[in-house]
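Input: a single structure, listed below in structure tokens.
This is a predicted model, so every value here is computed, not measured. What's counted below: heavy atoms across the whole structure, side chains too, no hydrogens, waters or symmetry copies. By convention in this document, chain letters (A, B, ...) are assigned in the order of the sequence lines, proteins followed by strands, and residues within each chain are numbered from 1.
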4 protein chains.
Amino acid sequence: MSQRQSKSVEAGSRENERRHTILRAAIDVFARKGYHGCRIADVAREAGVAYGLVYHYFKNKDELLETVAETGWGGFVSRIRAVAEEENSSLEAKVRGIADVAFEAYRVDPRAVKVLILEIARSPAGGHVASRQQAFLDVIRMAADMFARAQAEGQLRPELDPMLCASLLCGSIEMGLTAFVSGLMEDRSPEALDRAKAQIAESFLRGVLPSSAPLTETSWKQESPSSGTRPKVGKRA
Amino acid sequence: MSQRQSKSVEAGSRENERRHTILRAAIDVFARKGYHGCRIADVAREAGVAYGLVYHYFKNKDELLETVAETGWGGFVSRIRAVAEEENSSLEAKVRGIADVAFEAYRVDPRAVKVLILEIARSPAGGHVASRQQAFLDVIRMAADMFARAQAEGQLRPELDPMLCASLLCGSIEMGLTAFVSGLMEDRSPEALDRAKAQIAESFLRGVLPSSAPLTETSWKQESPSSGTRPKVGKRA
Amino acid sequence: MSQRQSKSVEAGSRENERRHTILRAAIDVFARKGYHGCRIADVAREAGVAYGLVYHYFKNKDELLETVAETGWGGFVSRIRAVAEEENSSLEAKVRGIADVAFEAYRVDPRAVKVLILEIARSPAGGHVASRQQAFLDVIRMAADMFARAQAEGQLRPELDPMLCASLLCGSIEMGLTAFVSGLMEDRSPEALDRAKAQIAESFLRGVLPSSAPLTETSWKQESPSSGTRPKVGKRA
Amino acid sequence: MSQRQSKSVEAGSRENERRHTILRAAIDVFARKGYHGCRIADVAREAGVAYGLVYHYFKNKDELLETVAETGWGGFVSRIRAVAEEENSSLEAKVRGIADVAFEAYRVDPRAVKVLILEIARSPAGGHVASRQQAFLDVIRMAADMFARAQAEGQLRPELDPMLCASLLCGSIEMGLTAFVSGLMEDRSPEALDRAKAQIAESFLRGVLPSSAPLTETSWKQESPSSGTRPKVGKRA
DNA sequence: AATGAATGAGCGTTCATTCAT
DNA sequence: AATGAATGAACGCTCATTCAT
């Protein structure tokens with residue numbers, strides 16, 4: 001990720017620090033104003049550095065976004081990949097794992113996720129940043145592979161299109177996060193996030209798993225006072 | 001030719017024609033380059049009219065997009081609403097109906113849907129067009145109401161959060177369409193679209209409907225050669 | 001003033017009427033927004049005619065202003081000239097006459113005078129309308145001639161520069177009117193106007209007439225309660 | 001004007017220099033073409049700088065003019081005010097002082113006075129620059145106060161309206177300067193300017209001072225070589 | 001004559017990028 | 001490395017003028 005480290009340790013770290021400061025500033029400004037609304041001047045001011053310094057660390061605006069994308073999205077994607085390509089784990093575990101990764105990212109830095117979703121994952125057709133242009137699609141393809149393998153092993157209902165399954169999972173997670181990002185979901189407590197994460201994974205799994213495969217249910221029913229009396233309406237009997 | 005009455009009649013339709021031409025051009029250019037990448041000059045060239053004429057029909061760039069949004073999204077939303085607020089229809093029927101509306105819109109005008117999804121529904125944080133800014137959110141809220149009502153009637157599993165259900169449905173449909181829009185799905189034949197539509201609705205329903213409620217399954221298995229024998233089951237009884 | 005009258009009387013007058021309507025509208029809009037702030041569209045709307053019709057009666061915007069200037073300023077100037085070149089009248093009578101003409105013009109149409117002063121007389125250095133560019137200067141030159149002749153006859157103190165006298169007279173009258181036009185003078189009643197006119201003429205005359213030439217004073221003292229004791233002095237002692 | 005001279009110390013002054021260069025250019029172009037005729041491109045070319053640099057130093061065109069106005073008019077007005085509000089000086093001294101200030105400004109920078117008179121003092125009805133819109137009126141009001149005070153002390157004929165007196169004085173001075181600015185006065189030598197200044201002040205004073213107050217006359221008779229022998233013709237005999 | 005749609009040059013402003021220090 | 005002044009292409013919008021009817 002970082003090619004600079006020679007010179008002296010101090011210099012290197014100082015340099016990295018500066019670079020990182022600018023990067024954080026870029027994420028903030030992007031999150032606040034979006035790609036087009038964000039001017040280099042804004043980033044510099046936010047970072048508290050001189051105008052021209054941004055151009056010392058980044059070739060141009062696109063490289064800056066490119067880097068923002070790489071830093072954020074790249075890490076995100078590799079974590080997703082780690083889960084999706086795990087050797088000895090069930091589809092269910094993988095799906096839950098993917099939801100985990102996504103929600104954890106949101107918990108750690110909601111603002112960055114906002115950028116990821118709005119500015120990077122969905123960069124408009126024209127696409128500012130060539131290589132990141134269809135960032136989301138890579139993830140979907142990766143997930144599609146995962147579903148295809150699972151389908152071959154009988155872990156996914158055979159009549160389902162793996163690519164479409166991948167799209168649905170990603171769409172569900174993304175819109176679930178969007179609901180939080182956008183303020184649609186009022187309760188943003190860690191517990192609420194966990195409940196949402198579980199609901200997303202389980203609803204999805206229930207929808208695509210073979211009828212014969214029972215679902216490991218977590219208890220995430222809200223706090224219905226009467227829920228105690230309610231039978232853990234579980235999955236399948 | 002130079003007579004009054006015929007002139008005015010023609011004039012009216014000519015004017016509307018021009019306006020419509022420009023609107024179509026705007027949709028095309030938006031679809032190709034996104035809001036910011038689309039210059040008025042592009043729209044004018046695409047429409048084959050003079051630069052200034054765009055400003056004869058639209059106050060400014062924002063009003064142009066606003067109108068694109070209203071024309072496209074507005075109609076779309078009202079059709080969704082008609083389905084969601086239907087009095088005597090089951091949740092399943094409504095969910096299938098919503099998927100129908102979305103996929104029909106895509107079938108009729110894929111390019112417009114592209115704009116809808118990329119530029120209008122997901123307008124970036126900054127949001128160019130005030131009133132349309134959170135267009136998608138309105139639809140989700142509408143769907144959330146629908147799910148809440150259904151839940152009260154026992155048509156939705158009680159432990160699910162209606163707002164989240166709404167998000168998941170919308171996310172699934174949107175990403176399903178995105179898969180087509182983006183070229184992720186290679187087969188874009190009407191049949192493939194129908195299959196996808198059914199898979200989306202059914203996976204979703206299977207995921208959220210109470211276990212006790214059986215799902216009316218349509219025949220959309222891809223390569224089942226025996227599907228010919230299966231009756232084209234319509235709605236459920 | 002009007003070169004069109006042939007054809008048929010009706011047609012001519014209808015045409016003239018239209019033209020005049022537009023001209024009035026132009027004066028109004030000019031008065032309200034100034035030359036640059038006034039668009040052809042404004043004039044057309046104000047006149048209640050179609051956009052393009054303005055171009056039937058006037059070649060272009062400049063010709064329109066040119067005509068406004070001619071109509072207003074031209075008439076004004078010729079009236080001034082009539083007074084200034086009168087054969088058998090004293091300098092005092094001429095100066096008073098010039099003030100009369102100016103204030104009468106204001107009384108008749110304050111709005112037109114506003115245009116005259118702000119937009120025509122003082123057209124900025126660049127000058128929109130070539131021929132009118134130095135409209136005011138013509139008047140001053142004319143007045144300078146008048147003063148020079150008077151000086152030759154001993155009616156003006158010999159040490160004064162006639163051109164400067166002309167400038168002072170015009171400046172005084174103009175700024176006097178400006179005081180009314182601008183709202184600096186609150187009382188704009190006919191009586192107040194007459195008082196101002198007299199004060200301007202008399203102050204000026206008292207300043208430039210030879211000491212030996214007594215001034216015919218008018219009674220324009222405002223509301224001096226003690227004025228009863230003061231002889232309604234005609235001549236001074 | 002000056003290329004490179006020193007380095008670090010002059011950074012601040014270099015910046016000011018640039019700003020000043022642009023300001024001068026703006027004054028020049030304004031003087032030549034007026035507010036509307038003057039494009040930013042002109043100012044930049046005149047100043048010999050890049051287009052965008054103008055916007056580095058001035059927020060926009062209006063602020064540029066605003067600054068021109070402030071720099072020129074503001075200083076002018078405060079000098080006038082200093083004279084007008086002087087405690088121990090006669091009305092005559094004040095009037096002469098005001099004429100001094102005005103003519104001195106012209107002597108120092110005729111071009112700037114041209115701008116002042118044509119573009120700032122008399123900004124058209126619409127008024128480009130809000131705060132400077134009625135710059136002249138402020139000066140007139142100030143002078144009116146001065147005359148009112150003088151009238152209370154018997155230094156101004158009681159039947160005169162102070163506001164009108166102020167207008168006349170300002171109008172006289174302004175048109176006097178206009179005569180020079182416009183080329184109406186051919187002799188623009190310092191001596192000619194002094195003569196004009198004296199004539200303006202004295203004619204005005206003679207016109208408004210009480211008959212009992214003699215006027216201190218300066219000798220400015222144009223080409224009377226024998227004027228030295230002429231008795232200091234006071235006012236009244 | 002009358003209408004108003006159509007045209008396009010022109011200008012203010014923004015902002016990514018470069019450069020001198 | 002760091003600064004911020006300098007550059008100029010790009011684009012939204014206006015509006016005088018023309019044109020088809």
Side-chain angles (χ1 to χ4, degrees), chain A residues 7 11 14-15 18-19 36-44 49-64, chain B residues 1-4 6-8 10-11 14-15 17-19 22 36-44 48-64, chain C residues 7 11 14-15 18-19 36-45 49-64, chain D residues 4 6-8 10-11 14-15 18-19 22 36-44 48-62 64:
Chain A
K7 305 252 179 189
R14 187 126 34 96
E15 195 176 311
R18 282 291 223 193
R19 190 184 161 85
H36 282 102
C38 142
R39 281 126 327 141
I40 296 291
D42 291 331
V43 174
V49 304
Y51 203 120
L53 197 59
V54 176
Y55 281 87
H56 259 288
Y57 291 104
F58 303 92
K59 200 169 104 268
N60 54 31
K61 193 177 170 180
D62 275 359
E63 197 196 271
L64 180 57
Chain B
M1 207 71 176
S2 50
Q3 290 315 311
R4 284 310 152 119
S6 62
K7 180 185 179 177
S8 61
E10 297 164 26
R14 183 104 48 83
E15 189 175 318
E17 210 177 286
R18 282 291 221 195
R19 190 186 161 89
I22 293 173
H36 283 103
C38 145
R39 287 143 298 160
I40 296 292
D42 292 332
V43 175
V49 303
Y51 195 114
L53 197 60
V54 176
Y55 284 88
H56 192 75
Y57 289 105
F58 301 92
K59 203 166 104 273
N60 53 32
K61 194 176 168 179
D62 274 2
E63 198 197 89
L64 182 57
Chain C
K7 307 249 178 191
R14 186 125 37 93
E15 194 176 311
R18 283 290 222 193
R19 190 183 162 87
H36 283 102
C38 143
R39 281 129 323 145
I40 296 292
D42 291 331
V43 174
R45 196 180 316 112
V49 303
Y51 203 120
L53 196 58
V54 176
Y55 282 85
H56 260 288
Y57 290 104
F58 301 93
K59 198 167 108 271
N60 55 31
K61 195 178 168 180
D62 275 0
E63 196 195 271
L64 181 57
Chain D
R4 312 280 119 119
S6 49
K7 301 210 166 182
S8 53
E10 300 308 315
R14 179 101 52 82
E15 189 175 319
R18 281 291 221 194
R19 191 186 159 88
I22 293 173
H36 283 102
C38 144
R39 285 143 301 160
I40 296 292
D42 290 331
V43 174
V49 303
Y51 199 116
L53 197 60
V54 176
Y55 284 89
H56 191 75
Y57 290 105
F58 301 92
K59 205 166 101 273
N60 55 31
K61 195 176 167 180
D62 273 2
L64 182 57

[X] [atom1] to [N] [atom2], straight-line distance once rounded to whole Å:
X: D:His36; N: E:dG10; atom1: NE2; atom2: P; value: 18 Å
X: C:Phe58; N: F:dA16; atom1: CZ; atom2: P; value: 15 Å
X: B:Asn60; N: F:dC15; atom1: CG; atom2: P; value: 14 Å
X: A:Leu64; N: E:dT17; atom1: CG; atom2: P; value: 10 Å
X: C:Tyr57; N: E:dT3; atom1: OH; atom2: C1'; value: 13 Å
X: C:Arg45; N: F:dC15; atom1: CZ; atom2: C1'; value: 13 Å
X: A:Tyr55; N: F:dA1; atom1: OH; atom2: C1'; value: 18 Å

Worksheet item: Relative to the 5' end of DNA chain F, which residue comes earlier, D:Ala50 or A:Val49, by the nucleotide with the nearest heavy atom?
Response: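 On the 5' side of the pair lies A:Val49.
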
Worksheet item: Toward the 5' end of DNA chain F, which comes first, D:Val54 or B:Cys38, by nearest nucleotide?
Response: D:Val54

Taking the side chain of [X] as heavy atoms from C-beta outward, which of [options] is closest to it?
X: C:Leu53; options: E:dT3, F:dT3, E:dG8; value: E:dT3
X: B:His56; options: F:dC13, F:dT17, E:dA5; value: E:dA5
X: D:Lys61; options: F:dC13, F:dT17, E:dG12; value: E:dG12
X: D:Arg39; options: E:dA2, E:dC11, F:dA16; value: E:dC11

Worksheet item: Which base, if any, makes a Watson-Crick or G-U wobble pair with F:dC15, both distances under 3.5 Å?
Response: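 For F:dC15, the partner nucleotide comes out as E:dG8, under the 3.5 Å rule.
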
Practice prompt. Tell which nucleotide pairs with F:dT21, taking only Watson-Crick or G-U wobble pairs whose two distances are both under 3.5 angstrom.
Written response: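 Check on F:dT21: paired to E:dA2, both distances under 3.5 Å.
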
Item to complete: Determine the minimum heavy-atom distance between C:Ala41 and C:Tyr51, stating which atoms define it.
Response: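 That closest heavy-atom pairing would be CB-CE1, 3.7 Å.
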
Response to the item:
Between B:Tyr51 and D:Ala41, the residue closer to the 5' end of DNA chain E by nearest nucleotide is B:Tyr51

Discussion item. For C:Gly52 and D:Gly52, find the nucleotide of DNA chain E closest to each by heavy atoms; which residue's nucleotide sits nearer the 5' end?
Written reply: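 Final value for this comparison: C:Gly52.
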
Fill in: Flag side-chain contact, heavy atom, 4.5 Å: B:Asp42 against B:Arg39
yes

Practice prompt. Nearest 0.5 Å please: distance from the CG atom of C:Leu64 over to the CZ atom of C:Arg19.
Written response: 9.0 Å

Worksheet item: What distance do A:Tyr57 atom OH and A:Glu63 atom CD have between them, rounded to the nearest 0.5 Å?
Response: 13.5 Å

Worksheet entry | Candidates D:Val43, D:Ile40, D:Val54 - the one meeting side-chain contact (heavy atoms from CB on, under 4.5 Å) with D:Lys61 |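 So, applying the side-chain contact (heavy atoms from CB on, under 4.5 Å) to D:Lys61 and each of D:Val43, D:Ile40, D:Val54, only D:Ile40 qualifies.
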
Worksheet item: Checking all strands, does B:Ile40 fall into the base, sugar-phosphate, or nothing category for heavy-atom contacts under 4.0 angstrom?
Response: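 Here B:Ile40 touches the backbone only, sparing every base.
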
Item to complete: State whether C:Arg18 places a side-chain N or O below 4.0 Å from either non-bridging phosphate oxygen (OP1 or OP2) of E:dA2.
Response: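 Yes, because at least one side-chain N or O of C:Arg18 sits under 4.0 Å from OP1 or OP2 of E:dA2.
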
